[in-house]
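One structure is given here, and the rest of the page talks about it.
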Amino acid sequence: MAYDFKKVEKKWQLKWDAEGTFNATNDYKKKKWYGLIEFPYPSGQGLHVGHPRSYTALDVIARKKRLQGYNVLYPIGFDAFGLPAENYAIKTNVHPKITTQKNIAHFTEQLKALGFSFDWSRVVDTTDPNYYKWTQWIFIQLYKHGLAYKATMPINFCTGCKVGLANEEVVNGVCERCGSPVVQKEKSQWMLKITEYAQRLIDDLDEVDFLEKIKVQQRNWIGRSEGAEVEFKIANTDETLQVFTTRPDTLFGATYMVIAPEHKLIEKFADRITNLDEVKDYQHKAALKSDFERSEINKEKTGVEVKGIKAINPLTNQEIPIWISDYVLSSYGTGAIMAVPAHDTRDFEFATKFNLPIIQVVKPADNSEVELPFTDVETGISVNSGFLTGLSVEDAKRKVTEYLEENKIGAKKVNYKLRDWVFSRQRYWGEPIPMVYCDCCGWVPLDEKDLPLTLPEVEDFLPGENGESPLAKQTEWINTTCPKCGKPAKRETDTMPQWAGSSWYFLRYMDPHNATELASKEALEYWCPIDWYNGGMEHTTLHLLYSRFWHKFLYDIGVVPTKEPYAKRTSHGMILGTNGEKMSKSKGNVINPDDIVNEFGADTFRVYEMFMGPFDQTAAWSMESIRGCGKFLDRVWNMQEFMIDGDSYSPEYEKMMHKAIKKVTNDIEEMKFNTCISTFMTMVNEFYKLKRINKAEFKTFLTLLNPFAPHITEELNKLIGFESDISTYTWPEYDDAKTIDDEIEIPVQVNGKLKATIRIVLDEEEALVKEKALDAISSMIDGKSIIKEIYVKNKIYNVVVK
RNA sequence: GCUGAUGUGGCGAAAUUGGUAUACGCACAGCACUCAAAAUGCUGCGAGAAAUCAUGUGGGUUCGAGUCCCACCAUCAGCACCA
């Protein structure tokens, strides 16, 4: 009887759906486990075969945890605001709401066809006003606590989408989403002060179980560096120019200064600058370039000396020139640097090009001659540096910083690369920002009882003239009254970025239908933190950092009970096309999950994705390999033909059963799913050897396999005569003593090379092992003298001869 | 350029973390079943006649290295003058 996966899979999916088999309960006394996958953006292209890799992995873990007695929350939702729906609306005039609903329906169907044990009663949709009411509420709290502010600043402006982008969203100088060039543009933006949390976002990484590479990437992104701020007097004025440096010990070697093209010093001293036209011209050119272009490698350094003003090196009291150059960024530090060409590669290049003086102030400890620039901080010793001469880099840093502080010309300073989060988007399809501008009161948040502020219906989705939100055309909606003074006022027309809704969605899952709070205290207390969050590496510095920031803020204002949202974070590798390249429509190598499910069934699909390679590494799709997984499940199905009765493991299989339970139990926790599957395959091969499996063995086998292939295992479980479903079973236990073989084969080596193997009983006396070993290799060591013998108990016997 | 990861049969990959390298799967070959094919079930499958040689290359540590150390090469990913 052939296995009809279409019929069987549908049958179980309908049953699970109707009975809510996998829904989490509100029994807050039970031990809990909360597993989370990144909720998908419901794109028009439907599910990608990459999605199920992560979803299956956590589904396996979730199903296992349920069998181990946990109250499991494994939720799903949709991150449904976003540009594709809006761009589609601009093109076709179909409202994004309609597109989104259609796509969500399609995704839901696809996800259900794969048999994931999601709790479908808790689906969250970020575009639902009942959801974004709380996204807006959180924004208002951020505002009230001084963490949201308006700033006019140069922003990245996408020439294609006509929206402002966060730095993080600009990839290689082009828009991450549409690929159009990004230019700099002045705009008034809502900003979130994530920088205020920089240190805590670093420190608390020590308290969570994230993959090390994720922690490293977040730390590097936040980019803490210690140094000093130093003030340089501008000669013949009362003004100073402030710089940040990580090498205050090289201050004696600072021979000129460089300021960013946007630096306000230029305007301030416009009347004193003798080559203002030249400077202005340079500023103009720099403004046309994006941060990316300005920081391209191998680029010739450019710059102009700002003539008419000089700075004074506070240690040497020498006048030094000030230059303007785009290799100094206004967005980092103070937008100005002291240049120490002898000990900084960029400064060296610049000084060489423009013939600026280079003074060596650090030498190697061994006094050897070195080529400049010399940047080694480990072995360096200060020279030509007055009171610092002779000190190591580290000591010199400390001493000079003390000096700066005593003389009030500088101070110790910590700087971060992390920048505040640009939170405004000039788009329609996002959460309206619940703020009102009043001529008397300034920016005023909406009264919380008036939330949600719903998106008005519009018919025209084109952005405004100057890249404004389409909402800017909705005069009726814009004009309102000030919540504070009641006078006429105007609404903010920008909307929130897609990252907003995904920064807290995991909290809503805990209590998704709550109308009065974002989630109840009890639910938050019970479910926080998320026990295991799996997602892509590409979200490490954006979503993962943003959501940690929001969670910390919610912790500070007493909404959530934990400092960190996620106790554990892992990541999955990408799935590539059969040609080993990233799947894309243009390359024509896209694999459609629907086709796979139709041809092979959901179980085969799931098993294959878990078998294809190490979970955290990229893997190329293979149509041959998936067929092999289908064959494996067919062999499992056909085992019913030789099943016999029995309510305990038979002696021939007992060891194998205990070993397998142990291996699968441990490997699932370590996400070594591929070796779980090979364990199952080995077991099936063994059962086929004797053409025999008893009912007890079958039951254990099916329970172990169930998290990977839930449909076929449930069906088989019924067919071989069990009344209740596997989903009600208890995860199999193993007896460690029964996983150990009592007779083993060990290698015998001569000079470290394998020459023979011998059989010994476990923990056999060494003398007996020696006898057997020497006997086995006697012909090979004849006439040679034994220098050494090494016996590693139950592992190996090695004889060294000469 | 910097950072990180990876490199094992024809292919995807295992290897109890320093102890019999190549488990498991794919592909391939042979046999059985069949009029035949498919499906299925068995069997074989790193190279070499053998001694031996094989985990990107070259060194090293060790009784013993895929695993540890040093240098290098290749591929992939991320980052971009961060002072």
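Computed over heavy atoms, backbone and side chain alike; hydrogens, waters and symmetry mates excluded.
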What residues form a side chain to side chain contact (heavy atoms under 4.5 Å, CB included) with D344(A), not counting sequence neighbours?
R346(A), D347(A)
Are K213(A) and G4(B) close enough that a side-chain N or O sits under 4.0 Å from OP1 or OP2?
no
Can you find a side chain N or O atom of R419(A) that sits less than 4.0 Å from OP1 or OP2 on C82(B)?
no
[M] and [N], which share atom name [atom1], separated by this distance in whole Å:
{"N": "G64(B)", "M": "A71(B)", "atom1": "P", "result": "23 Å"}
{"N": "A47(B)", "M": "U40(B)", "atom1": "C1'", "result": "33 Å"}
{"N": "G66(B)", "M": "A49(B)", "atom1": "C1'", "result": "29 Å"}
{"N": "U22(B)", "M": "A32(B)", "atom1": "P", "result": "31 Å"}
{"N": "A27(B)", "M": "C45(B)", "atom1": "C1'", "result": "11 Å"}

Counting any heavy atom closer than 4.0 Å, what does Y688(A) reach on the DNA or RNA strands: base, sugar-phosphate only, or nothing?
sugar-phosphate
Touch class at under 4.0 angstrom, heavy-atom based, for K417(A) against every strand present:
base
Any ion pair linking R398(A) and E394(A) (charged N to carboxylate O, less than 4.0 Å)?
yes
Salt bridge or not for K397(A) and E226(A), using N-O below 4.0 Å?
no
Verify the ring-centre separation between F708(A) and F680(A): is it less than 6.0 angstrom?
yes
Aromatic contact, F5(A) with F600(A) (centres under 6.0 Å)
no
Distance only, no hydrogens: is a donor on one side chain within 3.5 Å (strictly under) of an acceptor on the other, for E38(A) and H539(A)?
yes
Taking only distance into account, with no hydrogens and no angle test, what donor-acceptor pairs under 3.5 Å do side-chain atoms of residues 609-620 of chain A form with protein atoms, sequence neighbours excluded?
{"unit_1": "E609(A)", "atom_1": "OE1", "unit_2": "R53(A)", "atom_2": "N", "d": "2.9"}

What protein N or O atoms touch nucleotides 26-31 of chain B N or O atoms at under 3.5 angstrom, if any, and at what distances?
{"unit_1": "C26(B)", "atom_1": "OP1", "unit_2": "K631(A)", "atom_2": "NZ", "d": "3.4"}

With M338(A) as reference, evaluate V258(A), L241(A), N313(A), L251(A) under the side-chain contact (heavy atoms from CB on, under 4.5 Å) test and give the passing residue.
L251(A)
Polar atoms only, N or O, under 3.5 Å: list the protein pairs with nucleotides 45-55 of chain B and their distances.
{"unit_1": "U52(B)", "atom_1": "OP1", "unit_2": "K755(A)", "atom_2": "NZ", "d": "3.1"}

Decide yes or no for D741(A) and L762(A): does some side-chain heavy atom of the first lie under 4.5 Å from some side-chain heavy atom of the second?
no
Between atom CG of N794(A) and atom CD1 of I760(A), what is the distance when rounded to the nearest 0.5 Å?
5.0 Å
How does protein contact run along nucleotides 17-22 of chain B, one letter per nucleotide 5' to 3', with B for base contact, S for sugar-phosphate only, - for none, heavy atoms under 4.0 Å?
--BB--
Regarding the side chain of N674(A), the nearest nucleotide among A83(B), C24(B), A13(B) is A13(B)
Nucleotide nearest T682(A) when distance is taken to its side chain, options A15(B), A83(B), C24(B):
C24(B)
For RNA chain B, the expected dot-bracket line (Watson-Crick or G-U under 3.5 Å, [ ] crossing, | inter-strand) is (((((((..(((......[....))).(((((.......))))).((....))..(((((..]....))))))))))))....
